[in-house]
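Below: one structure, written as structure tokens.
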Amino acid sequence: MPVITLDRERFSEFVGRDLSLAEMTKWLPWLGFDIEETGVDFVKVEFNPNRIDFSSYVGVARAFKGLRGWEIGLPSYNVKANKVLLRIEEAVSEVRPFMLAAIVRGIKFDEEGVSELMEMQEDLHWGLGRDRKKASIGVHNLDVIKPPFTFTAVEPHSVRFIPLDKNNEMSLKEILEKHEKGIAYKHLIDWAPKYPLLIDKDGKVLSMPPIINSELTRVDKNTRNLFLDVTGTDYVAVEKSLNVLSTTFAEMADTIESVKIRYVDQTVFSPNLTPQKMKLRKAYTNRLLGLRLSLPKIIECLRRCRIGARKVSKESIEAEIPPYRIDILHEVDLVEEVAIGYGYYKLKPTFPSSVTIGKQHVANKTANMARQIMIGLGFTEVMNFTLTNERLHYRNMRRKIKGTIKLANPVSIGYTVMRQDILPNLMANLADNKHESFPQRLFEVSDVVGLNRKLETQCERRLHVAAVSSHVNANFTEIKSAVEAFMTNIGLKRYRVKPAENSSFIEGRVAAINVKNIPIGIVGEIHPEVMNNFGLENPTAAFEINLEAILQ
Amino acid sequence: MIELRENEQRTLMTISSLGGKADVDQIVRTSGLAHASVMRASLRLSKEKLVKVIEQKRAIATLNDEGKAYARKGLPERQLMKSLIKLGGKARIGRVVANAKLENQLVPIALGWLRQKGWARMEGQDRTLKALKEPKKGKDEIVLKILAENGATITEELKKEEQEAIAALRKRKLVEVEKKTLRILELQAKGRKLIKKGLKLAKEVSQLTPKLIITGKWRKTKLRKFDVTAPGPPMNPGKIHPLQQIIERAREIFLAMGFTEIRGPLIETAFWNFDALFQPQDHPAREMMDTFYLSNPKAGKLPEKKVVNAVAKTHENGWITGSKGWGYNWKTQEARRLLLRTHTTAETIKYLSKNKNPPIKVFSVDRVYRNEQLTYKHTAEFYQIEGIVVDKAVTLCDLMGTLKAFYSRFGLRKVQFWPCYFPYTEPSAQAMVYVPRLQHWMELCGMGMFRPEVLSPMGIEYPVLAWGGGLERIAMVELGLNDIRQLYGNSLSWIRRTPLCQ
């Protein structure tokens with residue numbers, strides 16, 4: 001989740017009141033922030049990705065003032081019409097078809113302001129842009145470039161410019177191969193025959209979206225006028241990004257001016273900061289929240305969340321959603337805003353009157369019966385992961401890899417496949433407990449997974465029980481007694497024991513347990529080579545039974 | 001009349017036979033009793049004032065390997081001296097050393113001691129060594145010999161100057177001294193009297209046998225009295241795993257609150273895990289970074305067309321739900337991908353799509369997966385607690401109340417609800433709970449009401465309250481652990497010693 005560090009003094013300036021740290025940590029959570037860390041004179045907070053507008057001081061202060069009732073209602077943004085032209089050439093349609101832009105005049109930055117801008121840009125790239133794929137942002141010093149601007153696509157070697165933070169000119173191809181940002185993001189464009197490029201009237205390069213800006217348009221604390229561009233493959237993400245960005249600047253600058261954007265087939269003016277309208281019903285709100293709020297009260301709650309609201313009938317409200325709120329999809333989202341504006345801390349927990357009778361699932365009921373029997377037989381329960389690896393599951397057990405359910409993206413070599421039985425885990429448990437006193441009798445009642453092409457998921461979850469007994473005198477007779485006691489007590493009376501072959505066990509000391517001629521389990525003495533593979537010294541006998549037969 | 005047990009009698013007699021005073025080791029050797037038996041007997045005997053226990057601190061000296069070597073070959077300075085005398089009492093240092101076959105690193109030590117002991121002196125530019133006197137055997141050399149012959153030696157039994165020599169040898173790191181408490185049992189007047197009166201060694205029986213019982217011979221048999229306070233040999237019972245114990249507690253609370261348990265597959269299609277829950281197909285949580293996908297088998301089947309189409313349209317443009325939707329092209333292929341379910345909500349929505357008549361209260365405490373490295377905070381596999389309430393008019397406040405009732409059964413009574421975000425619930429909240437044991441607030445679980453975009457495609461008409469959180473977090477608080485790996489480490493010593501009632 002994204003994080004923003006709020007310096008108390010600086011945040012106070014944005015809010016317009018001298019705040020204490022205690023006040024900040026008290027109220028920020030009621031806006032949905034998680035307090036990560038409280039420092040000497042700062043609070044580090046985490047925010048949810050749906051509120052990407054919280055990635056700047058401006059955004060947090062805007063909401064904070066609203067919740068406290070110091071400044072409520074819809075923030076208004078005036079966009080001054082300007083004739084600056086941006087041409088989108090046909091050539092980009094293959095690689096990065098969309099671009100919107102805005103002009104900001106009279107911004108006052110300090111060092112911190114510039115670095116905050118960078119952080120906000122990164123949050124937007126992550127949260128809205130899907131790591132620059134759907135949308136990416138460029139912020140330029142307007143005073144060093146000349147409109148009209150052109151967004152075009154060119155041959156990889158045809159243009160050279162100095163990328164940001166570098167001293168030498170590089171070709172577009174070189175940037176993708178050598179520049180750190182180029183290497184990181186080349187996959188977004190390197191498949192295209194021509195690369196996207198934003199240039200000004202004289203052909204000076206502003207940026208190579210979505211990779212890097214040019215050093216020429218670098219923004220520092222002396223920059224006063226900005227040109228904002230957002231490019232991308234998803235028009236909605238591009239528009240939302242620009243809205244969040246330009247509304248943030250609007251509160252730090254003198255004016256926001258529009259840019260005339262000419263696509264091949266149409267012309268648009270951006271940014272479009274007109275609030276969207278949505279209807280909210282009083283009854284719906286109260287029904288979901290469990291409150292009895294009046295219409296004026298609901299309007300006040302919304303205004304505290306900086307949403308414009310006015311009564312349109314006795315029962316409903318028209319809400320005006322500020323352009324930076326990219327997360328309001330449905331009337332229900334406004335209901336939550338009402339709850340936030342009302343204050344989650346004021347909501348009184350109640351208990352639903354629904355009368356129902358509880359019932360446990362047959363699998364867990366059976367699992368608990370199995371546990372009871374195994375404990376009675378003197379076995380101690382262990383709990384293992386169902387994720388395991390081929391070495392442990394197959395090689396150590398002297399068996400062939402077969403019917404494996406495999407992860408596409410394992411995170412470590414220890415966990416690459418789903419287990420098909422429990423026994424290998426129990427052997428590993430014995431290996432981990434070699435230094436503990438013997439006898440060691442372990443069992444597990446839990447899940448394994450097997451292939452079953454008939455099912456929607458091609459796989460089947462199965463409940464198994466497995467047990468090992470390990471000590472100097474462990475043998476087949478002992479474990480056979482245990483398995484018989486288990487079968488009798490779990491209620492599987494009509495079972496047959498038949499000699500079997502299984503490479504994990506000693507030949508002639510292993511049997512299959514069949515019910516209705518279907519093998520459901522195995523019992524035997526573990527093969528000495530398996531013992532060697534696990535580095536075990538004491539003889540070990542084991543059984544494992546599939547309990548699905550009981551569940552049916 | 002004092003009644004003594006067999007071991008106590010035998011200990012008393014042995015002391016008497018050893019002249020009325022003996023240390024525990026001696027008694028053990030003579031009587032053939034176990035050390036622990038003599039120690040236990042001595043407690044009783046001294047309590048009855050039959051013997052007196054005298055504790056003496058003793059320093060036991062032993063030679064280390066280097067010390068043993070010098071006991072054989074002589075101290076380095078003695079080796080040099082012998083060589084010098086053989087060479088006529090005056091010779092160049094090099095020759096003396098070569099003749100003595102002394103290791104180079106020992107030469108400075110040897111020369112130092114020669115000077116300190118006043119045996120020889122170095123003279124002139126050419127480093128000639130000259131003997132000053134014929135050295136007699138020093139106290140240190142005598143002690144070295146004693147220790148070599150006796151092995152471990154009680155220093156207190158040596159002469160004063162020998163004790164000083166031991167201290168010096170200890171400084172030279174040739175001798176190691178270990179402090180030990182010696183227990184000597186001394187017969188007292190009361191004890192002597194008792195023996196005089198005649199202590200008969202009655203044979204006692206420790207194990208009552210069926211034969212003794214049936215024949216009635218037990219009447220004539222003396223059954224040994226046991227020290228009932230002595231610890232028994234350790235025993236390890238068959239036992240439930242501590243984490244399973246916590247799982248059972250959570251299940252019991254749900255069942256007591258009238259919830260029905262549901263259980264679904266561990267491997268799911270992305271459709272039920274994500275799409276049905278209105279998580280857009282390019283949502284970060286769906287990336288390989290967070291979710292385990294399968295490479296074999298790769299893809300599963302989708303449910304009936306009607307449901308799939310409704311979900312698809314809801315994602316794309318909101319369908320009839322009144323939502324704007326996510327505005328992208330929904331892909332069947334992506335929804336068919338098989339994965340390890342990241343939450344039990346996958347089963348919940350599937351269950352609700354088939355069971356629509358309120359009231360419905362269902363729960364699960366079951367396994368889920370996240371693509372995480374194993375660390376003290378995270379495991380790739382863990383248990384999720386999930387509770388669901390569906391009824392005609394349930395509210396956000398009802399959800400808060402239900403959740404509070406649930407966690408208060410775990411002793412977690414102070415709960416706060418903060419606004420939060422989840423793709424499939426609105427309004428949403430997270431529950432923060434005050435943990436008395438840790439004395440701080442902890443994030444407990446996420447909660448909310450299912451979005452219309454989730455409900456409508458499944459044909460669910462009533463509000464759905466949902467909450468879910470990790471079980472391990474509570475288990476760690478309950479079991480006093482600070483590393484989640486301990487829960488799955490299956491350390492037998494931990495399982496064996498962890499009490500079931502916390």
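Order of the sequence lines fixes the chain letters, A, B, ..., with proteins taken first and strands second; residue numbering starts at 1 for each chain. Computed over heavy atoms, backbone and side chain alike; hydrogens, waters and symmetry mates excluded. None of the values given here were measured: they were computed from a predicted structure.
Interface remark: B:Thr291 contributes backbone atoms only to the contact with chain A (heavy atom separation under 4.5 Å). Residue contact with chain A, scored on non-hydrogen atoms closer than 4.5 Å, involves the backbone of B:Glu372 exclusively. Heavy atoms closer than 4.5 Å to chain A are found in the side chain of B:Tyr369, but not in its backbone. Contact of B:Phe271 with chain A is not made at all, since no heavy-atom distance falls under 4.5 Å. Residue B:Arg336 does not touch chain A at all, counting heavy-atom pairs closer than 4.5 Å. When heavy atoms are compared at a cutoff of 4.5 Å, B:Ile495 approaches chain A solely by way of its side chain, counted from C-beta outward. If you measure heavy-atom distances from B:Arg370 to chain A, you find no contacts under 4.5 Å at all. For B:Ala429, the parts lying under 4.5 angstrom from a heavy atom of chain A are both the backbone and the side chain. Of the two parts of A:Asp327, neither the backbone nor the side chain holds a non-hydrogen atom closer than 4.5 Å to a non-hydrogen atom of chain B. For B:Tyr293, the parts lying under 4.5 angstrom from a heavy atom of chain A are both the backbone and the side chain. Only the side chain of B:Ala405 comes within less than 4.5 Å of a heavy atom of chain A; its backbone N, CA, C and O stay farther away. Using a 4.5 Å cut-off between heavy atoms, B:Leu403 makes no contact with chain A at all. When heavy atoms are compared at a cutoff of 4.5 Å, B:Gln416 approaches chain A solely by way of its side chain, counted from C-beta outward. Using a 4.5 Å cut-off between heavy atoms, B:Leu465 does not touch chain A at all. Proximity to chain A (any heavy atom under 4.5 Å) is shown, for B:Leu339, by neither the backbone nor the side chain.
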- Test side-chain contact (heavy atoms from CB on, under 4.5 Å) applied to B:Trp326 and A:Leu329, step by step: CA-CA 8 Å; B:Trp326 293 117; A:Leu329 300 178; 3.7 Å; yes

- Trace of the side-chain contact (heavy atoms from CB on, under 4.5 Å) decision for B:Trp441 with A:Ile35: CA-CA 11 Å; B:Trp441 290 87; A:Ile35 310 284; over 6 Å; no

- Item | Stepwise salt bridge (charged side-chain N to carboxylate O under 4.0 Å, His left out) test for B:Asp282 and A:Lys134 | CA-CA 10 Å; B:Asp282 69 347; A:Lys134 285 163 77 168; 2.5 Å; yes

- Item | Step-by-step side-chain contact (heavy atoms from CB on, under 4.5 Å) determination, A:Asn368 to B:Glu248 | CA-CA 9 Å; A:Asn368 276 343; B:Glu248 291 312 318; 2.9 Å; yes

- Under the side-chain contact (heavy atoms from CB on, under 4.5 Å) criterion, do A:Val445 and B:Gln244 qualify, and how do the steps go? CA-CA 10 Å; A:Val445 180; B:Gln244 186 63 39; over 6 Å; no

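Scanning all heavy atoms of the two residues, the minimum distance from B:Leu338 to A:Thr457 falls at CD1-O, 3.3 Å.
With a 6.0 Å radius and a threshold of 12 heavy atoms from other residues, nucleotides or ligands, A:Gln276 has its CD atom at or below the threshold. Counting non-hydrogen atoms of neighbouring residues, nucleotides and ligands closer than 6.0 angstrom, the CD atom of A:Glu46 exceeds 12 such neighbours.
Within residues 426-435 of chain A, the residues that have a heavy atom under 4.5 Å from a heavy atom of chain B are A:Asn429, A:Asn433, listed by number.
A donor-acceptor pair under 3.5 Å is formed between the side chain of A:Thr380 and the backbone N or O of B:Pro237. Not one N or O on the side chain of B:Lys404 forms a donor-acceptor pair closer than 3.5 Å with the backbone of A:Phe351. No donor-acceptor pair under 3.5 Å is formed between the side chain of A:Thr356 and the backbone N or O of B:Phe259. Between the side chain of A:His330 and the backbone N or O of B:Glu453, no donor-acceptor pair lies under 3.5 Å.
Evaluation of the salt bridge (Lys or Arg N to Asp or Glu O under 4.0 Å) test over residues 332-353 of chain A, restricted to residues two or more places apart or in two chains, returns A:Arg325-A:Glu337, A:Asp333-B:Arg451. Residue pairs meeting the salt bridge (Lys or Arg N to Asp or Glu O under 4.0 Å) criterion with at least one member in residues 374-390 of chain A, sequence neighbours excluded: A:Arg371-A:Glu381, A:Glu390-A:Lys406.
With sequence neighbours excluded, the residues that form a salt bridge (charged side-chain N to carboxylate O under 4.0 Å, His left out) with B:Glu381 are B:Arg367.
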